[in-house]
Amino acid sequence: MMKIMKKVFYCIALCGILLYGCGTEKPVRIENVNGEELYVCDYFKTSDSTVTLNLSDLVKSLEVVKLDSDTAAIVGGGGVYFSDNYMLIPAGGGQPVKMFDRQGNYLRNIGKIGRGPGEYLYLYDIQLDEKNNRIFFMPWQTRYLYEYNMEGEFVKPIRMAGGAPKARFSVEGDRLTVLALPFKGLKWVAFQQTLDGKLLDSVPVGHFEINERNPYNNELFGSRDNHYVHIFRSMGKIQDTLYHYVPGKNGFIPKFTVDFGTIEPPIHQYREFGDYFFFETSVTKPTGEDEFAYVTEKSILVNKKTRDATRFKFVNDLLGGYETNVWNFFNGYYIENLSPDRLKEKLEKVLEKGGLDKAMEKKITDLVNSIDENDNNYVIYGQLK
């Protein structure tokens, strides 16, 4: 009798565990791929509830920097690239890249606009290597990386082992790592070499190849923090993956993907920052002949630790709580490069909404009152924890 009771109790306990597991099944599973963890998000198990993600949980601190308003220092709304003491900002409008210190003081231009030696028209990626007194520019459609010194003078072109029509890169010591958008005819989607041209590692384009009518509609998202890369395909229809490139370790290591089940994958893009993955699905809306815009269908935040996947609201709680987005994360920083009127608009809405504590209300009010329409841009940044 006692043995029977024990068996019954065991069966009840087991059923309870199974039922509990079914009721709390996570939308994200972790699969083992060649000894590495691959996070797989089930598209149809993502939650429609909305969570709030606070910027304060992700960055060490937040700085608001008013850029020098000298005529020579004016910039557009492009990316911002940091070193310990400096930042570079593409100016746009046919102007060269501008160098500022971290307090926003304009220092100098880097290089020149043009088609001559060491000159450039369009850049796809930039690296500031302050420690070694050098700056690197990756132009579009090039076989060369350009090196400048911290005084803005052109030093030399660096011949790359492979083509890089749109590419992210990093230089560490004497090693150059390149992640390239895999256009048709390109040899490698990723490679590593020495600065004098010796090839150390490479990943063939293979199935990554983009073969579309206008391949420039596609983009390459990546970060030099962990060499993550996702190839954004403007036409979708491919269930692809976010990878880490680890030279010498079988090329790309799959780290995150979305399981779309039996449906045709929509247009989608992935990002990785801190303890999170992020994916967004979109549809295209025609805006003219051979022109279209992307309309977001779903934006999902994936928590690596909890394996939850849910819609979310991302707020800059360190500056009043206005809504922002994860596209502002780049190379280990949260970055906003805003015109004075755009920043003022954001902050005035924060004040109108109310609910701020006295210290934050004063901080926002003082900042709003200090903004002039003739100011140069403001850079808001914080380094990831």
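Every value quoted in this text rests on a predicted model; they were computed, and no experiment measured them.
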Between [X] and [Y], what is the ring plane arrangement, given parallel below 30°, perpendicular above 60°, and tilted in between?
X	Y	answer
Phe221	His230	parallel
His268	Phe260	tilted
Phe329	Tyr334	perpendicular

Got a second to check how far [X]'s [atom1] is from [Y]'s [atom2], nearest 0.5 Å?
X	Y	atom1	atom2	result
Tyr122	Ile113	OH	CD1	9.0 Å
Lys353	Leu356	NZ	CG	9.0 Å
Ile335	Asn328	CD1	CG	8.0 Å

Non-hydrogen side-chain atoms of [X] and [Y] separated by less than 4.5 Å:
X	Y	result
Met87	Met99	no
Asp259	Gln239	yes
Val59	Tyr381	no

Using a strict threshold of under 4.0 Å (side-chain N to carboxylate O), is an ion pair present between [Y] and [X]?
X	Y	answer
Asp42	Lys26	no
Glu361	Lys363	no
Glu272	Lys304	yes
Lys349	Glu352	no

>> Testing Ile253, Leu179, Val189 one by one against Tyr245 for a side-chain contact (heavy atoms from CB on, under 4.5 Å), which residue passes?
In response: Leu179

Between the main-chain N or O of [Y] and the side-chain N or O of [X], is there a donor-acceptor pair closer than 3.5 Å?
X	Y	result
Glu373	Asp341	no
Asn369	Thr365	yes
Lys385	Ser61	no
Ser202	Phe191	no
Asn376	Ala73	yes
Asn377	Gly76	yes
Asn149	Gly152	yes
Asp357	Met360	yes
Gln127	Val171	yes
Gln193	Leu200	no

> Given Tyr124, which of Trp140, Phe136, Tyr146 fulfils the ring-ring contact (aromatic ring centres under 6.0 Å, His included) condition?
Replying inline: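 For Tyr124, the ring-ring contact (aromatic ring centres under 6.0 Å, His included) check succeeds only for Trp140.
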
[X] ring center near [Y] ring center (under 6.0 Å):
X	Y	result
Tyr333	Phe82	yes
Phe330	Tyr81	yes
Phe232	Tyr294	yes
Phe256	Tyr243	no
Phe137	Phe154	no

Can you hop from [X] to [Y] via hydrophobic side chains spaced under 4.5 Å?
X	Y	result
Tyr86	Leu88	yes
Trp327	Ile267	yes
Val368	Val64	yes

Geometric cation-pi criterion [X] and [Y], 6.0 Å radius, 45° cone:
X	Y	result
Lys298	Tyr43	yes
Arg307	Tyr39	no
Arg134	Tyr148	no
Arg224	Phe169	yes

> Knowing that exactly one of Lys313, Glu280, Arg311 qualifies, which makes a side-chain hydrogen bond (donor to acceptor under 3.5 Å, both in side chains) with Ser299?
Replying inline: Glu280

> Just by distance, with hydrogens left out, do Ser56 and Asp317 show a side-chain donor and acceptor under 3.5 Å apart?
Replying inline: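 Result is yes, a qualifying pair exists.
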
> Taking atom types as modelled, is there a side-chain donor on Tyr106 or Asp70 under 3.5 Å from an acceptor on the other?
Replying inline: no

>> Tell me whether the count of non-hydrogen atoms from other residues, nucleotides or ligands lying under 6.0 Å of CD in Glu119 goes above 12.
In response: yes

> What is the minimum heavy-atom distance between Pro96 and Gly111, and which atoms define it?
Replying inline: CB-O, 3.6 Å

> Does the pair Lys346 and Leu338 meet the rule for a side chain to side chain contact (heavy atoms under 4.5 Å, CB included), with working shown?
Replying inline: CA-CA 10 Å; Lys346 282 176 174 278; Leu338 300 172; 4.0 Å; yes

